[in-house]
Asks: 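Below you will find the structure I want to go over with you.
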Amino acid sequence: MATKHITTELIVRYAEKLHEDEKSSATIEKYVRDVKIFAWYAGVQALTKELTISYKHELAVRGYAVLSINSMLASLNSFLAFCGRADCKVKLYRIQKKAYLSASRELSKEEYHRLLNAAKHDRRLLLQTLCATGIRVSELQYFTVEAVRRGEVSISCKNKTRSILIPRGLQKLLLQYVHVIGLQSGVIFRTRTGKPMNRSNIWAAMKRLCAQAKVIPDKVFPHNLRKLFARTFYSMEKDIAKLADILGHSSIDTTRIYIMSTGAEHRRRMERLGLLATSAT
């Protein structure tokens, strides 16, 4: 029988199905969060195509960015398919691909170093580990004392396993750190209660550095460190296939998004083409 209303039990079963499909914990958390936002909007209303279309428009009215809306709708469509209500799925907004990124959202290398200078030793090491390796924030848990001693981290994510070589300079810093704090084994970056740091912990730690580092808060979040790694690597190596392997991307199209230049850089490149007359004739 087709689902008529969204219930807490249904959302729990959906989360269990995502777990069975071996989705990452971060993906499950994100999908479930998006579905709960829709459930709050729907309230006691029956599930209809008109309701989901109305929700789509409501997200735009609330001021969500188009990319964010599409991401939330993708989660909702996945849930609707699980419920047997594919008839209520909505189309995502079509987006014209840009040739450059907004400078207001991209973290520069200079700003990154200002964050490092503002951070205390353990937080500075955390930022360097994320940025110097290009890992996803969810992959930080694989940086154990044992892995650092080997100089190589084995990461299992999205049904794939890949190896990350730890730069020697970073390896030295990490080994010095675990020696100072007396850590013999296990995950290196932990909370005060001993649990591995998660996305929320790291996000909060980074935001606290913004004022002292004089960096716009909108630029400071874990994924921007991964993007900075990608842009820096590509500017030196010009090997997008190798970069895709390092980042763990299945598609080079995804990697291309990471290495897009900012609008200011794009404008400078356009101006260097020399296709304009220097003076009127």
Side-chain angles (χ1 to χ4, degrees), residues 24-26 106-158 160-210 212-213 215 219-237 242-249 255 258-259:
S24 70
S25 58
E106 288 307 306
L107 187 70
S108 69
K109 188 181 291 187
E110 178 187 357
E111 290 167 330
Y112 163 65
H113 282 291
R114 293 213 301 270
L115 289 171
L116 293 183
N117 291 334
K120 294 182 179 179
H121 181 65
D122 57 339
R123 294 296 177 255
R124 185 185 308 125
L125 190 55
L126 169 67
L127 297 181
Q128 290 181 102
T129 300
L130 290 169
C131 197
T133 59
I135 60 170
R136 300 177 178 91
V137 67
S138 61
E139 297 170 340
L140 190 65
Q141 61 183 305
Y142 295 100
F143 274 72
T144 62
V145 175
E146 295 84 352
V148 172
R149 285 173 179 159
R150 291 194 305 269
E152 183 176 355
V153 178
S154 180
I155 293 176
S156 298
C157 183
K158 298 184 178 181
K160 295 181 296 185
T161 299
R162 76 183 196 280
S163 295
I164 297 292
L165 294 177
I166 304 175
R168 290 180 180 175
L170 177 61
Q171 182 186 28
K172 181 179 180 180
L173 290 173
L174 288 169
L175 290 176
Q176 289 174 344
Y177 174 68
V178 299
H179 174 73
V180 169
I181 65 174
L183 188 63
Q184 299 298 319
S185 64
V187 177
I188 294 176
F189 296 100
R190 310 182 185 192
T191 63
R192 292 179 180 177
T193 60
K195 296 181 180 179
M197 293 191 72
N198 58 30
R199 187 184 307 273
S200 178
N201 304 141
I202 298 168
W203 185 89
M206 291 181 66
K207 292 295 183 182
R208 285 193 289 268
L209 300 173
C210 295
Q212 186 177 344
V215 179
K219 294 185 175 188
V220 183
F221 51 93
H223 199 64
N224 253 4
L225 297 178
R226 181 167 159 84
K227 288 185 174 180
L228 178 56
F229 168 87
R231 295 199 310 274
T232 305
F233 180 94
Y234 185 75
S235 68
M236 296 176 63
E237 302 295 330
K242 179 66 174 177
L243 177 58
D245 289 340
I246 293 173
L247 296 176
H249 288 161
T255 312
Y258 281 58
I259 62 176

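Given the structure is predicted, the values throughout are model-derived calculations rather than measurements. Hydrogens, waters and symmetry mates are skipped; everything else that's a heavy atom, side chains included, is used.
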Asks: Do E110 and H113 have side-chain heavy atoms sitting under 4.5 Å apart?
Replies: no
Asks: So, E237 and K242, do they make that salt bridge, N to O below 4.0 Å?
Replies: no
Asks: Charged N to carboxylate O under 4.0 angstrom, R150 versus E146?
Replies: no
Asks: Roughly how far apart are K227 NZ and K219 NZ, rounded to 0.5 Å?
Replies: 13.0 Å
Asks: Testing the basics here: between T133 and P167, what is the closest heavy-atom pair and its distance to 0.1 Å?
Replies: CG2-CD, 4.2 Å
Asks: Side-chain contact, heavy-atom cut-off 4.5 Å: V148 with V178?
Replies: no
Asks: Please determine whether side chain to side chain contact (heavy atoms under 4.5 Å, CB included) holds for the pair R149 and V145, giving the CA-CA distance in whole Å, both sets of side-chain angles, and the decisive distance to 0.1 Å.
Replies: CA-CA 6 Å; R149 285 173 179 159; V145 175; 3.4 Å; yes
Asks: Examine distances only and state if a side-chain atom of R124 and a backbone atom of L116 form a donor-acceptor pair shorter than 3.5 Å.
Replies: yes
Asks: To the nearest 0.5 Å, what is the distance between CZ (R231) and CD1 (I259)?
Replies: 10.5 Å
Asks: Do you know which two heavy atoms are closest between A118 and L209, and how far apart they sit?
Replies: O-CD2, 3.8 Å
Asks: Between R190 (side chain) and P196 (backbone), is there a donor-acceptor pair under 3.5 Å?
Replies: no
Asks: How long is the span from the CG atom in L115 to the CG atom in L107, to the nearest 0.5 Å?
Replies: 6.0 Å
Asks: Verify side chain to side chain contact (heavy atoms under 4.5 Å, CB included) between L125 and F189, making sure each step is shown before the conclusion.
Replies: CA-CA 9 Å; L125 190 55; F189 296 100; 4.1 Å; yes
Asks: Taking the side chain as everything from C-beta on, heavy atoms only, tell me whether V137 gets closer than 4.5 Å to H223.
Replies: no
Asks: Just so I know, are the side chains of L140 and L126 near enough to count as touching, which here means a heavy-atom distance under 4.5 Å?
Replies: yes
Asks: Could you tell me which non-hydrogen atom of L228 sits nearest to which non-hydrogen atom of C131, and how far apart they are?
Replies: CD2-SG, 3.8 Å
Asks: Looking only at atom types and distance, does a side-chain atom of R226 sit under 3.5 Å from a main-chain N or O of Y258, one as donor and one as acceptor?
Replies: no
Asks: Closest heavy-atom contact between S154 and T161?
Replies: OG-CG2, 3.5 Å
Asks: CD of Q212 to CG of N117: how many Å apart, nearest 0.5 Å?
Replies: 9.5 Å
Asks: Could you check whether any side-chain heavy atom of Y234 comes within less than 4.5 Å of a side-chain heavy atom of T255, counting everything from C-beta outward?
Replies: no
Asks: Does some side-chain heavy atom of L130 sit less than 4.5 Å from a side-chain heavy atom of F143?
Replies: no
Asks: List the atom of I246, the atom of R162, and the distance in Å for their closest heavy-atom pair.
Replies: O-NE, 3.1 Å
Asks: Go through Q171 and L174 one step at a time and tell me if the side chain to side chain contact (heavy atoms under 4.5 Å, CB included) criterion holds.
Replies: CA-CA 5 Å; Q171 182 186 28; L174 288 169; 5.9 Å; no
Asks: Which distance, rounded to the nearest 0.5 Å, do you find between the CG of L127 and the CE of M206?
Replies: 5.5 Å
Asks: Closest heavy-atom contact between V187 and Q141?
Replies: CG2-O, 3.5 Å
Asks: If I take atom OH from residue Y177 and atom CG from residue L183, how far apart are they, to the nearest 0.5 angstrom?
Replies: 8.0 Å
Asks: Evaluate T129 against I188 for side chain to side chain contact (heavy atoms under 4.5 Å, CB included), listing each step before the verdict.
Replies: CA-CA 11 Å; T129 300; I188 294 176; over 6 Å; no
Asks: Report yes if some heavy atom in the side chain of I135 is under 4.5 Å from a heavy atom in the side chain of Y142; otherwise report no.
Replies: no
Asks: In terms of heavy-atom contacts, does NE2 of H179 have more than 12 from other residues, nucleotides or ligands at under 6.0 Å?
Replies: no
Asks: Step through the shown structure and confirm whether more than 12 heavy atoms of other residues, nucleotides or ligands are within 6.0 Å of NZ on K207.
Replies: yes
Asks: Taking R136 for its side chain and G248 for its backbone only, find out whether a donor-acceptor pair lies under 3.5 Å.
Replies: yes
